[in-house]
Amino acid sequence: MRIQVKTFGALTEILEREFYVTAGDTAELLTALSRQHPELSHRKLLVAVNNTIINTPVDLRDNDVVALMPPYSGG
Amino acid sequence: MRIQVKTFGALTEILEREFYVTAGDTAELLTALSRQHPELSHRKLLVAVNNTIINTPVDLRDNDVVALMPPYSGG
Amino acid sequence: MTKQKNDIFIQGPIPQSLIADVIAEHGSKSDIGAHSVFLGQIRADQVGGKSVQAIEYSINSELALQKMAEIRKAIFDNYPVNCMHVYHSEGMVQVGEICFFVFTSSAHRRAAIGACDELVERIKKEMPIWGKELFEDNTHQWKTNR
Amino acid sequence: MTKQKNDIFIQGPIPQSLIADVIAEHGSKSDIGAHSVFLGQIRADQVGGKSVQAIEYSINSELALQKMAEIRKAIFDNYPVNCMHVYHSEGMVQVGEICFFVFTSSAHRRAAIGACDELVERIKKEMPIWGKELFEDNTHQWKTNR
C-alpha cells in the first residue's frame, strides 16, 4: 500500500513535511519510522488517517493520507 | 434630628428625589414614610446611612444622609 | 495600570471607539497573554405586547464609586490580573447600544476569564444602578435583574 | 449568523480593526443582550534567560476545519447563543499582537459567557495547531499548552 505521510509541528524537524511510504497498517508505519528515527520513539504522537484521529492501529489502503502530529499548542 | 433623604429608581415616583425630615432613627423614618405613602410598605428597600448600607435600624444624627433604594438593576 | 475611580460612568451609550481603544492600548504590554471582555447591550424585550426602545439608567454615584473600589480591590486580591476596566452607562441608552463594558487582562487565560466573570456578576448584583425600560408608547417599567 | 468555516484562520496577527468590526456589527441586533470576548496575545515569556519575540503558528487545516465544525455544532446545541465567531492566527505573530479571538452573543449573559469559555478551552485543547516560540537569538522551542 502506498501511503502519503504528512507531519506537523516539531515532527517536521525530524521527518519531511510530506513523503510517501509503503505500509500495511499504522502500527507497521510507526515501527518503521521509529527504527529510522529513534528520537521518535519517546514522543507522544497523534495519528490521523484521512483526517480521522485513530487511537488503535488501523489497516491502510493505497492513497491513504496519514497525519503524524505532536500534542496541540494553539491559542 | 434633621435628616436628608435621597431616593432612587422607582422610589422617585412615590417620594421626592431629595427632601428633609426629622427622625431619631431609621425605623422611625421608615414608619413615618410608610404611613404617608402606603404603597411603600410592600416594597423591598435598601437603606444606606451616609453611604453605608444598614441591615438593622440605626440612630440618626443631625445632617445624616439616608438613601432609600429599590433592588439594583444595572448591567 | 488600574483605572481611576471616576472613569466608570459614561453619559449615554458606551462608544464603540472606547471599546476598540481599550482593547488596542494593551498591545504594547509584553507580559499579557489573555484579555477577557464582557459587553452588555440593550435588548428589545417584549413586555405585554410592547417593545423596549431604550433604558434610562440612574445611579447612586457616591455609593457606587465606593462599592466599585471595594469590588476592584477584591478582584485584584483574588486574581493575578494586570488590568481591569469597567464602564457603565448613565442616562439614556437605545436598543442595540452598549451599556456595560468589563475588560480584564492577565498573563494566563484563567485569571482574566475568572476576574471578568466575577466582575460582571458582582457589578450587576451589588452596584446601586437602576434601569428604567422605556416603551414606544412612552410608558415605562423598572427593570429587575434575574 | 454563523460564520463560514473558511473564515477561521488569519495570516499573521488578528487585526485590531477586525476585532472592532466584529464587535460593532452586532449593534443592530435587538435580540442580543450580551457579548463575551476572549483575546489571546503573544507574551514575552522568559525561557532560560531568553525572551520569546514571536510565535509562528502552523495548522493541520483540513483536520482543524473539520474539528471546528464539530465544536461549533456542540456549542450551538448546548448554549442558546445567537452568534459565534472564532479567529486564530496562522504564521508569524509578534509579542503584543493578538493570535486568538473568540466572540459569542446571546440574549442573556450566561449563555454568551459559558459558550465563550467552552470555545476557548476546546479550541486550545482540540484544534491541531502548533506554536513555535522564536527567541531573539534565532533559536526556538515548540510551545506546550498548560
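What you are looking at is a predicted structure, and each value in this text was computed from that prediction instead of being measured. Residue numbers begin at 1 in each chain, while the letters A, B, ... track the order of the sequences.
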inquiry  = Show me the pairs that pass ring pair (Phe, Tyr, Trp, His ring centres under 6.0 Å) and involve residues 49-72 of chain C, at least two apart or across chains.
reply    =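 The answer is Y57(C)-H88(C).
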request  = Enter the distance from S30(C):OG to Q53(D):CD here, rounded to the nearest 0.5 Å.
outcome  =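 Nearest 0.5 Å value for the OG-CD distance: 9.5 Å.
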inquiry  = Nearest 0.5 Å, please: how far is CZ in R109(D) from CG in N145(C)?
reply    =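 It is 7.0 Å, given to the nearest 0.5 Å.
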Chi angles and distances behind the side-chain contact (heavy atoms from CB on, under 4.5 Å) call for I98(C), H35(D) = CA-CA 10 Å; I98(C) 302 295; H35(D) 308 286; 4.0 Å; yes
ask   = Around atom CD of E121(D), are there more than 12 heavy atoms of other residues, nucleotides or ligands at under 6.0 Å?
value =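 Counting neighbours around CD of E121(D), more than 12 heavy atoms of other residues, nucleotides or ligands fall under 6.0 Å, so yes.
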query = Within a radius of less than 6.0 Å around CD of E97(C), do more than 12 heavy atoms belonging to other residues, nucleotides or ligands occur?
reply =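 Buried by this count: over 12 neighbours within 6.0 Å.
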query = Is there any residue in residues 11-24 of chain C with a non-hydrogen atom under 4.5 Å from a non-hydrogen atom of chain D, and which ones are they?
reply =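 Near chain D, by residue number: Q16(C), I19(C), A20(C), I23(C), A24(C).
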query = Is there any residue in residues 125-133 of chain C with a non-hydrogen atom under 4.5 Å from a non-hydrogen atom of chain D, and which ones are they?
reply =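 The list, in residue order, is empty: none.
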Which atoms of V52(C) approach chain D - backbone, side chain, both or neither, heavy atom under 4.5 Å =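 It is neither, since no heavy atom gets under 4.5 Å.
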request  = Select one option (side chain, backbone, both, neither) describing which atoms of A112(C) are under 4.5 Å from chain D's heavy atoms.
outcome  =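 Contact with chain D: none, neither part.
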query = Got a donor-acceptor contact below 3.5 angstrom from the Q41(C) side chain to the H26(D) backbone?
reply =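 Yes, because the side chain of Q41(C) sits within donor-acceptor range (under 3.5 Å) of the backbone of H26(D).
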message = For the interface with chain D, which of A107(C), C99(C), S51(C), S36(C) has the highest count of heavy-atom pairs at distances below 4.5 Å?
response =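 It is A107(C).
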task = Run the numbers on I113(C) and I113(D) for side-chain contact (heavy atoms from CB on, under 4.5 Å), then give the verdict.
result = CA-CA 9 Å; I113(C) 291 173; I113(D) 291 172; over 6 Å; no
request  = Not counting sequence neighbours, list each pair that qualifies as a salt bridge (Lys or Arg N to Asp or Glu O under 4.0 Å) and has a residue in residues 44-57 of chain D.
outcome  =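 As it turns out, the salt bridge (Lys or Arg N to Asp or Glu O under 4.0 Å) pairs with a partner in residues 44-57 of chain D, which skip direct neighbours, are R43(D)-D45(D), K50(D)-D137(D).
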